[in-house]
Amino acid sequence: LSFNSDTTTGLYYYGAHEIGFATNGALAGYFDASGDFDIVGKYEIGNTAVLMLPNSNADTTSIAVGESALASQSATGYNTGVGDLALNAITTGTESTAVGYEALYKATGSPNEALGYQAGEYVTTGSDNLAIGAAAMASISAHPLTAVNAGNIAIGDNALTAITGAAAGNVAIGYNALTSSTVNSTNPNTGVGTYALAYASTGTNNTAIGNLAMEGNSAHELTGDYNTAIGDSALTAITTAADDNTALGYKAGTAVTSG
């Protein structure tokens, strides 16, 4: 069944109990014997592809939902990209999941998991990272996260958002936890709580657990090492090169600044 003005477009017998749809002489989709509809190309809204199988529909183990999600994948990957530009750069990497606009946007290493707007945006060759929250573990284009088997965890908006290079083993849980950390090494920090270690920049081997624990301030970021604060607002005023301080309890060590 075709159109008088376009004889290469219409309905036709595709197989036993199947109806095919052709456009310009090529199969566009068909109903099979079970009543399921199979589309050959991409599902589009407003001429924008929003649902497809990567690698020109060849990879049935992965799914791309959103414009340019998994756009570069060229092999079977077991990847999931949901959101515009999610996992946009990955080619042969496997077993990664990105949900959100530009989540794991530049990732080529794998596996990684990211959930949130620009979560893990500039994780490039890095692997084994978990980012949940808007801009969590976003990193920056000039100094992307590259460490393999890194084991970094960022949960919360802006957690570990400035992480760079070879950073590994960092744990940031809470809004703005470790948000200023630019540590580029395997000497990690742990910040659990809202603004925990928020203004620690190059300091390493610090542990802060509690709301505002070891928060510091943006004018004099913490560069010191081996500090431990457990409790709401413990060591909250710590700054610059302060080293080897331990505070336990609510507002413990609040008088400590650069000591």
Side-chain angles (χ1 to χ4, degrees), residues 72 77 79 85-98 100 102-116 118-174 176-192 195-209 214 216 218 221-228 238-244:
S72 302
N79 297 305
L85 297 170
L87 276 171
N88 174 260
I90 199 165
T91 54
T92 58
T94 64
E95 300 167 356
S96 291
T97 300
E102 288 189 346
L104 291 174
Y105 174 36
K106 291 295 185 180
T108 55
S110 64
N112 293 290
E113 288 74 40
L115 170 63
Q118 293 184 336
E121 180 181 19
Y122 290 106
V123 175
T124 55
T125 57
S127 64
D128 297 288
N129 297 291
L130 172 65
I132 301 176
M137 210 184 297
S139 193
I140 57 175
S141 60
H143 303 287
L145 184 61
T146 58
V148 297
N149 307 122
N152 295 299
I153 298 173
I155 301 176
D157 289 357
N158 304 317
L160 275 176
T161 195
I163 193 170
T164 63
N170 295 281
V171 177
I173 301 176
N176 278 347
L178 277 166
T179 191
S180 301
S181 178
T182 57
V183 173
N184 182 8
S185 73
T186 56
N187 297 312
N189 294 295
T190 299
V192 180
Y195 281 95
L197 276 167
Y199 297 109
S201 57
T202 58
T204 63
N205 299 102
N206 296 295
T207 300
I209 300 176
M214 221 182 296
S218 59
E221 294 181 334
L222 178 65
T223 59
D225 311 317
Y226 303 105
N227 298 290
T228 301
I238 197 168
T239 61
T240 58
D243 290 319
D244 301 299

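Here the structure is a predicted model, which means the values were calculated and not measured. Only this structure's heavy atoms are used, side chains among them; waters, hydrogens and symmetry mates stay out.
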Counting only N and O atoms by type, is there a donor-acceptor contact under 3.5 Å from the side chain of [X] to the main-chain atoms of [Y]?
X: S96; Y: N79; answer: no
X: N152; Y: N170; answer: yes
X: T223; Y: T240; answer: yes
X: T125; Y: T146; answer: yes
X: S139; Y: I163; answer: yes
X: T239; Y: G216; answer: no

N149 and D128: side chain donor to acceptor below 3.5 Å: yes

Polar contact flag, side-chain donor to acceptor under 3.5 angstrom, T204-D225: yes

Could you state the interatomic distance from [atom1] ([X]) to [atom2] ([Y]), rounded to the nearest 0.5 Å?
X: S141; Y: Y122; atom1: OG; atom2: OH; result: 4.5 Å
X: M137; Y: N112; atom1: CE; atom2: CG; result: 8.0 Å
X: L145; Y: L160; atom1: CG; atom2: CG; result: 9.0 Å
X: L115; Y: I132; atom1: CG; atom2: CD1; result: 6.0 Å
X: T228; Y: I209; atom1: OG1; atom2: CD1; result: 8.5 Å
X: L104; Y: E102; atom1: CG; atom2: CD; result: 11.5 Å

Qualifying residue, where the test is side-chain contact (heavy atoms from CB on, under 4.5 Å) with N206 and the options are L178, L197, V183: L197

Any Y226 side-chain heavy atom under 4.5 Å of N205 side chain: yes

If you compare all heavy atoms of [X] against all heavy atoms of [Y], which two are closest, and at what distance to 0.1 Å?
X: I90; Y: S110; result: CD1-CB, 4.3 Å
X: T124; Y: P144; result: CG2-CB, 3.5 Å
X: M214; Y: L222; result: SD-CD2, 4.0 Å
X: A147; Y: N129; result: O-ND2, 4.5 Å
X: A242; Y: I238; result: CB-CG1, 3.5 Å
X: A131; Y: A136; result: CB-O, 3.5 Å

side-chain hydrogen bond (donor to acceptor under 3.5 Å, both in side chains) partners for N158, two or more places apart: N176

